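If you read the sequence from its start, that first residue is 1, and numbering goes on from there. All of these numbers come straight from a predicted model, not from anything done at the bench.
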Amino acid sequence: MRIAPLTGLVAVVLTLVAFLLTGDTPDYDATGSQVRAFYVDREAQTGVSVYLLALAAVFFVFFAAHLARVVRDVPASGGWLHRVVLGGGLLLAIGFLTGAALTLTLVDLADEPTVSGPALQALNTLNENFYIPFVGGMALMLLGTGLATVRAAVSPLPRWLAWAAVVIGVLMFIPWIGFFAFMAAGLWVVVTSIVLSSRPQDGTPTGTDMAGTVRR
């Protein structure tokens with residue numbers, strides 16, 4: 001079992017724990033006093049959440065880099081889709097890091113009496129709506145992987161997992177569905193991490209892939 005693919009599993013676990021620690025944050029239209037009360041009461045655990053989210057971003061970059069290499073080695077993958085995979089992973093990580101920075105700023109300013117309520121309200125609205133970069137990044141990472149592997153004669157992923165990447169990647173761009181698709185994408189990353197870590201060291205196709213090749 002190889003270690004590099006499991007960085008995706010670690011990234012998802014860190015992300016999940018970070019979100020659970022943060023809890024139900026104030027809505028985008030919450031008042032300044034509500035925002036202040038929330039972050040003052042949950043200063044310590046939100047600080048830990050920010051740290052874990054930053055770590056998750058790092059592990060997502062490592063996973064995207066490994067996944068991009070896997071995609072690059074797929075025969076007839078187009079020769080460029082691995083760049084989409086890596087670019088998506090980088091965009092995802094940048095989104096996580098920026099979101100973590102915004103949350104940390106809220107934590108630091110919440111207990112400052114000189115900071116006005118409207119300022120906290122504006123920053124909280126920005127923080128609550130700052131999800132497009134990491135959702136878009138995750139979608140690109142999955143789409144690049146799925147498009148490169150779904151029709152490959154010899155694929156590093158089972159056919160159903162490649163199709164799942166394409167479907168989930170598309171769904172993440174649909175309003176109101178994207179949030180649930182993002183959660184499904186986390187599950188996809190976990191499964192893909194395990195599948196890739198179980199591949200033979202020489203990259204030999206799995207038994208399922210070889211059987212599919214023989215049938216064709």
Side-chain angles (χ1 to χ4, degrees), residues 1-16 53-97 132-173 178 181-216:
M1 179 176 290
R2 293 178 294 176
I3 300 299
L6 295 179
T7 52
L9 173 61
V10 175
V12 171
V13 171
L14 289 172
T15 302
L16 181 60
L53 199 60
L55 280 181
V58 173
F59 278 98
F60 267 123
V61 171
F62 278 103
F63 176 70
H66 178 77
L67 193 59
R69 180 180 179 183
V70 171
V71 168
R72 184 194 63 188
D73 294 338
V74 173
S77 64
W80 57 273
L81 285 171
H82 67 279
R83 297 186 178 93
V84 176
V85 175
L86 182 58
L90 291 174
L91 181 59
L92 168 64
I94 291 172
F96 270 23
L97 291 173
I132 294 177
F134 55 80
V135 170
M138 180 72 85
L140 287 173
M141 188 169 68
L142 266 65
L143 279 173
T145 303
L147 292 174
T149 57
V150 74
R151 297 183 61 85
V154 179
S155 174
L157 299 178
R159 193 74 55 187
W160 65 268
L161 195 58
W163 274 113
V166 175
V167 172
I168 296 172
V170 171
L171 289 177
M172 273 192 283
F173 287 108
F182 184 78
M183 292 190 293
L187 179 59
W188 184 91
V189 171
V190 170
V191 175
T192 301
S193 296
I194 296 172
V195 169
L196 293 179
S197 67
S198 302
R199 292 175 67 208
Q201 292 288 345
D202 58 358
T204 303
T206 62
T208 302
D209 297 327
M210 293 179 67
T213 303
V214 170
R215 285 196 298 271
R216 284 188 292 271

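Within the 4.5 Å cutoff, the side chain of W188 has heavy atoms near those of the T145 side chain. Within the 4.5 Å cutoff, the side chain of F96 has no heavy atoms near those of the L55 side chain. A 4.5 Å side-chain heavy-atom check between F134 and F182 finds at least one atom pair inside the cut-off. In this structure the side chain of P158 reaches within 4.5 angstrom of the side chain of V195, judged on heavy atoms. Between I3 and S197, the closest side-chain pair of non-hydrogen atoms is not below 4.5 Å.
Atom CG of L90 sits about 13.0 Å away from atom CZ of F60, to the nearest 0.5 Å. Distance CG/L9 to CG/L196: 12.0 Å, rounded to 0.5 Å. Taking CE from M138 and CE from M172, the interatomic distance works out to 6.0 Å, rounded to the nearest 0.5 Å. Considering CG of L171 and CG of L142, their distance stands at 10.5 Å, rounded to 0.5 Å. A distance of 9.0 Å separates CG in L6 from NE2 in H66, rounded to the nearest 0.5 Å. In this structure, CG on L67 lies 8.5 Å from OG on S193, to the nearest 0.5 angstrom.
Qualifying ring-ring contact (aromatic ring centres under 6.0 Å, His included) partners for F62, counting only residues two or more places apart in sequence or in other chains: none.
In this structure, the side chain of T7 engages the main chain of A4 through a donor-acceptor pair within 3.5 Å.
In terms of heavy atoms, V12 sits closest to G186 at CG2-O, 3.6 Å. When every heavy atom of T15 is checked against every heavy atom of A56, the shortest pair comes out as OG1-CB, 3.4 Å. T192 and L161 get closest at one heavy-atom pair: OG1-CD2, 3.5 Å. Closest of all the heavy-atom pairs between L140 and V84 is O-CG1, 3.6 Å. When all heavy atoms are compared, the tightest approach of P133 to G95 is CB-CA, 4.0 Å. Contact between M141 and A64 at its shortest, heavy atoms only, is SD-CB, 3.8 Å.
Partner of W163 under the side chain to side chain contact (heavy atoms under 4.5 Å, CB included) criterion, out of T149, V150, L157, I168: V150 alone.
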#### Entry: CA sep, side-chain torsions, deciding dist, call: R69, D73, side-chain contact (heavy atoms from CB on, under 4.5 Å)
CA-CA 6 Å; R69 180 180 179 183; D73 294 338; 4.1 Å; yes
